[in-house]
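Note sheet for the following structure.
What you see is a predicted model, and the numbers here were worked out from it, not measured in a lab. We name chains A, B, ... by the order of the sequence lines, and we start the count at 1 in each one.
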2 protein chains.
Amino acid sequence: MNSESLQFKNYIESKGLLFTPERQCVAEEVFASHNHMDAEELLKHLKSKGSKASRATVYRTLDLLVESGLVKKIDLGEGRLVYEHTAGHPHHDHLVCLKCGSVQEFEEPLIEQLQEWACEKANFKPTGHSLNIYGYCRGCTTGKR
Amino acid sequence: MNSESLQFKNYIESKGLLFTPERQCVAEEVFASHNHMDAEELLKHLKSKGSKASRATVYRTLDLLVESGLVKKIDLGEGRLVYEHTAGHPHHDHLVCLKCGSVQEFEEPLIEQLQEWACEKANFKPTGHSLNIYGYCRGCTTGKR
DNA sequence: ACTAAGATTGAGATATAATCTCAATGGAGA
DNA sequence: TCTCCATTGAGATTATATCTCAATCTTAGT
Ligand SMILES: [Mn+2]
Ligand SMILES: [Mn+2]
Ligand SMILES: [Zn+2]
Ligand SMILES: [Zn+2]
């Protein structure tokens with residue numbers, strides 16, 4: 001069991017819940033991939049690997065993972081909700097290609113700072129944000145279009 | 001008929017389409033409100049006013065309005081898709097209150113500029129973006145919580 | 001005015017994503 | 001062992017949006 005799964009186990013048990021095989025299975029699958037993944041995709045993957053985790057359990061476990069802070073839920077717009085693990089992954093935002101669907105990450109600390117200021121000016125207490133830039137990625141502009 | 005509806009009529013007809021009573025009805029309802037509104041809400045509103053515009057027509061007309069540039073479709077996250085008219089409404093982003101659901105608007109030109117730079121660095125050609133900040137609005141923090 | 005071609009419409013079917021229900025299962029402590 | 005309650009999966013349900021298609025308009029041509 002890897003370090004992140006262990007942290008999840010600790011989180012689960014610290015809440016007096018059970019670290020079941022189903023939960024472990026979902027967690028390890030999430031931690032195993034370095035890509036953004038959506039819930040249905042994850043479910044299909046697990047099924048194809050012989051896991052018996054149901055849709056309900058997958059969604060419930062993803063909620064727990066997000067709660068634990070080990071996983072982040074990202075809304076990419078256009079109905080795309082994906083998850084990514086946070087370990088070794090500082091905050092970033094996303095560039096979403098409208099042609100091939102690929103997603104690049106970028107960091108811009110000053111944008112984060114400006115958001116704080118905007119919130120102060122508006123007397124708004126921020127807890128999080130979502131910034132997606134839509135357009136065409138390198139591969140989709142050099143080839144054609 | 002107001003100025004925006006007239007512009008919509010021009011757009012519709014310039015495409016060789018018909019400016020039907022149903023389309024006019026939907027357009028005028030959108031232009032009449034200064035709030036963000038979602039499609040189902042709009043449909044319900046129209047029904048309650050005796051309009052016979054169907055769900056299909058409401059959605060189809062909203063697509064046309066967005067196409068025309070007179071209306072913008074905004075993804076507020078958490079499954080909230082809303083529309084707002086663009087006239088006299090320069091580009092802005094949104095502060096979404098997680099408690100009362102209210103939405104404030106803000107402008108931060110420097111954020112826009114930094115986004116451009118981030119795209120250049122990544123060889124990404126942007127066509128648009130979505131920035132939502134989630135948290136608690138003034139009313140929801142002064143009272144309590 | 002008549003007609004044919006094509007645009008538009010509404011009712012309801014369908015798609016999709018996510019959540020909910022609830023009976024069966026199973027672990028943990030008394 | 002017994003009881004309690006967390007957990008689970010199958011399937012129902014919800015919510016939102018899109019699609020289908022027959023009936024109805026509009027328009028242009030005659
Ligand atoms: Mn990411
Ligand atoms: Mn707005
Ligand atoms: Zn691309
Ligand atoms: Zn509020």
For the pair [X] and [Y], find out whether any cationic side-chain nitrogen is under 4.0 Å from an anionic carboxylate oxygen.
X        : Y        : value
B:Lys121 : A:Glu108 : yes
A:Lys73  : A:Glu84  : no
A:Glu13  : A:Lys9   : yes

Are any of [X]'s side-chain N or O atoms less than 4.0 Å away from OP1 or OP2 of [N]?
X       : N      : value
A:Tyr59 : C:dA18 : yes
B:Arg80 : D:dT16 : no
B:Arg23 : C:dT9  : yes
B:Arg55 : C:dA11 : no
B:Ser54 : C:dT9  : no
A:Thr20 : C:dG27 : no

Write down the distance between [atom1] ([X]) and [atom2] ([N]), rounded to a whole number of angstrom.
X       : N      : atom1 : atom2 : answer
A:Asp38 : C:dA18 : CG    : P     : 7 Å
B:Leu62 : C:dT9  : CG    : C1'   : 16 Å
B:Lys52 : D:dC25 : NZ    : P     : 9 Å
B:Ile12 : C:dT8  : CD1   : P     : 8 Å
A:Leu43 : C:dT16 : CG    : C1'   : 14 Å
B:Glu22 : D:dT26 : CD    : C1'   : 13 Å
B:Glu41 : D:dT16 : CD    : P     : 11 Å
A:Tyr83 : C:dA18 : OH    : P     : 7 Å

Does any non-hydrogen side-chain atom of B:Asp93 lie less than 4.5 Å from one of B:Glu112?
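Side chain of B:Glu112 against side chain of B:Asp93, heavy atoms only: contact under 4.5 Å found.
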
Of the listed C:dA7, D:dA17, D:dA6, the closest approach to the B:Ala39 side chain comes from D:dA17

Residue B:Leu18, side-chain atoms from C-beta onward, closest of D:dT27, D:dA17, C:dT9:
D:dT27

Would you mind telling me which residue lines up with the more 5' stretch of DNA chain D, B:Gly79 or B:Arg60, judged by nearest nucleotide?
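Nearest-nucleotide comparison on DNA chain D picks B:Gly79.
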
Do you know which of B:Glu107, B:Lys72, B:Glu105 makes side chain to side chain donor-acceptor pair (under 3.5 Å) with B:His91?
B:Lys72

